[in-house]
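First the structure, in the form of structure tokens, and then the observations on it.
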Amino acid sequence: KWNRDTIATTSDAFAYSSTMALHIFRLKDNRLSKMIAAHERPITSICWCPEDSNLVAACSVSKKVAIWDIENEEERFVTKVVDVPKLMDWAASSNHIAMYLETGQILLWEYKEGTDKQTKLFSVGEKGGRVLRWHPRQGKLLVGTA
């Protein structure tokens, strides 16, 4: 299956995934700066931290979601979800990532040192979500389309 949410940008970089690796390009010189073997199964979605361009999140068909420290090429936070995550987005000014799962569930992952909390927000059915985004200024407003 083709996954459409595997390209993400910040003001100074962009990333894309090729099956199981993350390719990080810095815009100042338009060159590959890092290539991280992020998952053992195909990556389904990636997103940047809105507050720290050194952090990128990636999820895969293995149901694993990881937040990567790009400079150190290491996982900072990891969780496993109940089904394949297809879309995700990082909430501005918080430690929350929203995910749309293949079964139609919308999950909220709260990560921080010592905390790995997942909350089911609601279900939207299995028709196939196309977009999942947090509002850039209203931190508690999540928008999606099917």
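Please read these numbers as outputs of a predicted model, since none were measured by experiment. Computation of the quantities below employed the complete heavy-atom set of this structure, encompassing side-chain atoms and omitting hydrogens, waters and symmetry-equivalent molecules. Positions are given from 1, in the same order as the sequence printed here.
For Ile24 against Ala15, the heavy-atom pair with the smallest separation is CD1-CB, 3.6 Å. When every heavy atom of Ile70 is checked against every heavy atom of Leu55, the shortest pair comes out as CD1-N, 4.4 Å. Of all the heavy atoms in Glu75 and Ala38, the pair that sits closest is OE2-O, 4.4 Å. What you find for Lys86 and Ser45 is that their closest heavy atoms are O-CB, 3.6 Å. Nearest approach of Pro85 to Leu101, heavy atoms of both residues: CA-CD2, 3.7 Å. The minimum heavy-atom distance linking Cys59 with Val65 is given by the pair CB-CG2, 3.8 Å.
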Problem set entry | side chain to side chain contact (heavy atoms under 4.5 Å, CB included) assessment of Ile67 paired with Val78 | CA-CA 6 Å; Ile67 296 174; Val78 179; over 6 Å; no

Problem set entry | side chain to side chain contact (heavy atoms under 4.5 Å, CB included) between Asn30 and Phe14, intermediate numbers included | CA-CA 9 Å; Asn30 209 23; Phe14 76 93; 4.1 Å; yes

Problem set entry | Check against side-chain hydrogen bond (donor to acceptor under 3.5 Å, both in side chains), Lys63 and Ser60 | CA-CA 6 Å; Lys63 304 175 189 174; Ser60 80; over 6 Å; no

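Using a 4.5 Å cut-off on side-chain heavy atoms (C-beta onward), Met99 and Val81 make contact. For the pair Val56 and Leu22, the minimum side-chain heavy-atom distance is below 4.5 Å.
Between Arg76 and Glu74 no salt bridge is recorded (no basic side-chain N to carboxylate O distance below 4.0 Å). The pair Arg26-Glu71 counts as a salt bridge, with a side-chain nitrogen and a carboxylate oxygen less than 4.0 angstrom apart.
In summary, the side chains of Gln118 and Thr79 do present a donor paired with an acceptor at a separation below 3.5 Å, with no hydrogens or angles considered. No side-chain donor-acceptor contact under 3.5 Å links His23 and Ser17.
Ring geometry for Phe25 versus Tyr16: interplanar angle under 30°, hence parallel rather than tilted (30 to 60°).
Once rounded to the nearest 0.5 Å, the distance linking CG of Leu107 with NZ of Lys117 reads 12.5 Å. For the atom pair CG of Leu27 and OG1 of Thr9, the computed distance is 8.0 Å after rounding to the nearest 0.5 Å. In this structure, the separation between CH2 on Trp48 and CG on Asn54 is 8.0 Å, given to the nearest 0.5 Å. Summarising the geometry, atom CH2 belonging to Trp90 is positioned 6.0 Å from atom SG belonging to Cys47; distances are rounded to the nearest 0.5 Å. With rounding to the nearest 0.5 Å, the separation of NZ in Lys28 from CG in Asp12 is 8.0 Å. With rounding to the nearest 0.5 Å, the separation of CD1 in Ile43 from OG in Ser18 is 7.5 Å.
Linking ILVMFWY side-chain heavy atoms closer than 4.5 Å, directly or via other members, places Ile97 and Trp134 in two distinct hydrophobic clusters. No path of Ile, Leu, Val, Met, Phe, Trp and Tyr side chains, each step under 4.5 Å between heavy atoms, connects Leu108 with Tyr111, placing them in separate hydrophobic clusters. Under a hydrophobic clustering in which Ile, Leu, Val, Met, Phe, Trp and Tyr are joined whenever their side-chain heavy atoms come within less than 4.5 Å, directly or via other members, Val82 and Val84 fall into different clusters. A continuous path of hydrophobic side-chain contacts links Leu121 to Leu87 [ILVMFWY only; heavy atoms under 4.5 Å]. One hydrophobic cluster, built from ILVMFWY side chains closer than 4.5 Å, cannot hold both Ile36 and Met20; they sit in different ones.
Of the residues listed (Asp83, Val61, Thr44), the one engaging Glu102 in a side-chain contact (heavy atoms from CB on, under 4.5 Å) is Asp83, and it is the only one.
Residue-environment remark: CD (Glu40) stays at or below the threshold of 12 foreign heavy atoms within 6.0 Å.
Outside the 6.0 Å centre-distance limit, the rings of Phe77 and Trp68 are not counted as a close aromatic pair.
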